[in-house]
2 protein chains.
Amino acid sequence: MTVTLADVAARARVSPATVSRVLNGNYPVAASTRERVLRAVDDLDYVLNGPASSLAAATSDLVGILVNDIADPFFGIMAGAAQTEIGGPGDGSGRAGGEKLAVVCNTGGSPERELTYLTLLQRQRAAAVVLTGGAVEDPAHQAAVSAKLAKLADAGTRVVLCGRPPLPDGEAVVAALAFDNRGGGRRLTEHLLSLGHRRIGYVAGPLERTTTRHRLEGHREAMRAAGLVGDEERLTVHGPYDRRSGYDATLELLRREPEVTAVVAANDTVALGASAAIRDRGLRIPEDISVAGFDDLPFSVDAVPALTTVRLPLFEAGARAGRLAMGKETPPPGGIATIAAELMVRGSTAPPRV
Amino acid sequence: MTVTLADVAARARVSPATVSRVLNGNYPVAASTRERVLRAVDDLDYVLNGPASSLAAATSDLVGILVNDIADPFFGIMAGAAQTEIGGPGDGSGRAGGEKLAVVCNTGGSPERELTYLTLLQRQRAAAVVLTGGAVEDPAHQAAVSAKLAKLADAGTRVVLCGRPPLPDGEAVVAALAFDNRGGGRRLTEHLLSLGHRRIGYVAGPLERTTTRHRLEGHREAMRAAGLVGDEERLTVHGPYDRRSGYDATLELLRREPEVTAVVAANDTVALGASAAIRDRGLRIPEDISVAGFDDLPFSVDAVPALTTVRLPLFEAGARAGRLAMGKETPPPGGIATIAAELMVRGSTAPPRV
DNA sequence: CTGTTAGCGCGTTCAA
DNA sequence: TTGAACGCGCTAACAG
C-alpha cells in the first residue's frame, strides 16, 4: 500500500542503500544514478518515513518552540521569526528536502503542560527546543525544567531560551536571550516621574513569573530612587496578561486610590484594558490619567492616544533564537545575552494635572 | 547511555512486551506487575522512544495545525483552542501519558510552505492535520493541496478544515468548518447602507484568497442590492492582512475618492491601520468617516471608538476542529458546517454627515 | 494475564 | 561509487 525505500530502489534498479544516500545527500553518488533514483521517487510519489528514519539515525528533524500563549502576538511574533529561520525559505518544490519541522507548542502558561511538552519533544528526539517568554518561579517547577533540559541537552537536543532568564546552572543550554525587563521597567517609571507623577498605580502580571517580577522590580527601583516608598502593595494589583485583567485591576486600583495620576501596565494588552477602564470611569487619557504599557506590540501605536510603552525587539530576538537553535549562529559569550529595551514615549503619557 | 524498554523490562523482571502494554494501557496487566513496571520506569527515568514506537505501530501521536500567520490572534485563538482539545488537560504528572503532540505550523500565507509542511507531516505519519484560515485560490496550488490531503487521508491521517471552505471533492476530509464570510460581509455593509452611507470604500485582503473574495462578495452583494454599482474597482484597494496595509490602502482610498463616508476593512487589524490613517488626515471617526472591521478580535472592543465589526466564534470553531481531529465529535452532515458570523455594531459607525 | 517471536523502514557499517 | 547485512527500539501477533 504505502511505498517504501525498497520500492524506489527496485524501480531505479539500485540498492536501498543508494536511494538512502541520494535522499540524504551525504555520500557521493554518480550523477546518472542520482537522476534515476529521483525520477523513481517522483514516479512513485515516495515520501520518506520519518519515524523509521529517525529511529535508524537516532535524530529527528523536529524543532519545538514553546510559548505561553499562542493567541498573544508577543509570542506569535517571536515564534514566527524563529520558525522562519528554522524552517528555511523552502525550495518551492513542496518536496520538503532538508528542512526541519519547526513547530510551536502552546503551554497556556501552565507549568505542567510545559513539562509535558518537553517530555513529548524528548520522546520525539527533537533536534532543538526553544523556550520563549517568562518562566514560572516555583522552585520545584524550575528544578524539574532544569533537569528536563539537562536530559534533553544530554541526548543531543539544542536548547535555547528566548525572552527568558538564564537557568541557574546554564550548562544545559546553548544560549539564553534575556530581555532587559528590569531596565525597561525602570526607565518607563523614570519617564513618568520626570513628568511629575507621584501617585503611580501598577497593574502587574501574574505572580511567580520572572517577567512580572523583573518589570515590577524595575518600577519599584525607580520609585524608591525618587523617595516614593511605603505604598507599594496598595498601588499594585496582580492579574493575568490579558485585556480583561487590565480592565478589572485598574478599576480596583482606582477604588483603592482615586488620586492616581498614572497607571503602568504589565504589558500592552493589559494597558488596553486599563485604558478602557479609565475611560469607562469618565476619565481622560492622558489629561486625567497617564497610561503606559510594555512590549510595543503592533497595535500599540494605533491606540488612541498612542500608547507610551517599552519596545522589545521580538522579531529580531526570535530570529536569533532560531538561528542559535540551528547552530547557524555562534552563541554569545557565556551563552547569555541581554537584549535591550527601548522606551517609546507617545501620547498616552503627559504631566499630571496640577 | 540511553535507557530502553528492555532496560525497564530487565529491572522490573518482566518481558519488554509487558512494559509496552503498561505504557500504552491497551492491554490488561495485573496491578502488581504494572506497579513494578512503573517504578522501574521512574527509577530509570525512562522516556519512550517516539520514532521507534511510531515505526512499529505505524502511527504517531503528532497532530499538525497549519496557520497562515502565527502573529495574528485570529489564528492564535483558533490554534490555541484546537490545541487544548487535542493535547488534553495533561495529568499534571509531567510524565506525558496518552497525549497527542499538538503542534502549530506557520505557513506565513505561502503556498509553498503550506505544501512543505503537509509533506513534513505526512512524513511523520501525523495522526491528524487541521488547516485553518482562508485558502489560496490558485488552481494549481489548490489541486496540489487536494492531492496531498487525499494522500494523507489515505494513510490514515484525519484532515479537518477550520475557517476554510470545503475542498471541491471533499472526500479526503473529515470535516470542513467554514465561516460565513459572505453573509457577514453582506450584513456589515447593509448596516452601513441603513445608516445612510452611499460612498463606501473597501480595504480588501490579498488577492486570490478565499477569505478576501467571500467578504468582498458579500459587500458587493449588499451594494448591488442598494443599486450602487459601477464604482467597485475604484473604491476597492487590496493588500495584506496587516496594520500597515490598512493604513496605506486607506490613504490611497481617500486620494481616489475624498468623499467616502465609510471604510470597510478586510479585518480588524486592517481596520486599526485604516483608523490611524483617517485620523492622521485630520478626520474624525465616526463623525467624518465610519470604520468597520471583521473578526472581532479581543482588542476591537477597546479601540476608540469601539470598532463595529463582524464576530467570528474563533475559539469555539478551533475547539470543535480539535475535537473533530481527535474523533471526539461526530462530523456534521455531509462533513460541512457553516459557522455563523454575527454583526457587532459599536461606536465606529454612525450616519454620515449631511 | 504474560512471554516469545518477528518485523516496522531506514541508516550505516563493511566489503567489493 | 555501489551493494549486503545488520540493528535502531518498539509493537503486534501468537502462544501459553
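- To the nearest 0.5 Å, atoms CG (Leu161(B)) and CG (Leu66(B)) are separated by 10.5 Å.
- Within the structure, every pair that satisfies the side chain to side chain donor-acceptor pair (under 3.5 Å) test and touches residues 44-53 of chain A, not counting sequence neighbours, is listed here: Asp45(A)-Lys151(B).
- Between the Thr157(B) side chain and the Ala126(B) main chain, a donor and an acceptor come within less than 3.5 Å of each other.
- Both Thr18(B) and Ala57(B) sit near DNA chain C, but only Thr18(B) has its closest nucleotide nearer the 5' end.
- Sequence neighbours left out, the pairs with a member in residues 6-15 of chain B that pass side chain to side chain donor-acceptor pair (under 3.5 Å) are Arg11(B)-Asp43(B), Ser15(B)-Thr18(B).
- Sequence order on DNA chain C of the closest nucleotides to Ala52(B) and Ser32(B) puts Ser32(B) first from the 5' end.
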Output a table of donor-acceptor pairs, distance under 3.5 Å, between side-chain atoms of residues 33-41 of chain B and any protein atom two or more places apart or on a different chain; print 'none' if there are none.
| unit_1 | atom_1 | unit_2 | atom_2 | d |
| --- | --- | --- | --- | --- |
| Arg36(B) | NE | Ala12(B) | O | 2.9 |
| Arg36(B) | NH2 | Ala12(B) | O | 3.2 |

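- Which of dG3(D), dG9(D), dT11(D) sits closest to the side chain of Leu48(B) comes down to dT11(D).
- With sequence neighbours excluded, the residues satisfying side-chain hydrogen bond (donor to acceptor under 3.5 Å, both in side chains) with Gln122(A) are Lys148(A).
- As judged by a 4.0 angstrom heavy-atom cut-off over every strand, Ala17(B) is placed among the base-contacting residues.
- Salt-bridge formation is not detected for the pair Arg323(B)/Glu316(B): no Lys NZ or Arg NE/NH1/NH2 atom is positioned less than 4.0 Å from an Asp or Glu carboxylate oxygen.
- For DNA chain C, the outermost nucleotides in 5' to 3' order that have an atom under 4.0 Å from a heavy atom of chain A are dG9(C) to dT13(C).
- When rounded to the nearest whole Å, the span between CG of Asp61(B) and C1' of dT11(D) equals 14 Å.
- Against DNA chain D, the stretch residues 19-29 of chain A makes heavy-atom approaches under 4.0 Å through Arg21(A), Pro28(A), Val29(A).
- Among the atoms of the strands shown, only primed sugar atoms or phosphate atoms (P, OP1, OP2) are found under 4.0 Å from some heavy atom of Thr33(B).
- Counting any heavy atom pair closer than 4.0 Å across all strands shown, Leu55(B) reaches a base atom.
- Ser20(A) places no side-chain N or O within donor-acceptor distance of the main-chain N or O of Pro16(A), the cut-off being under 3.5 Å.
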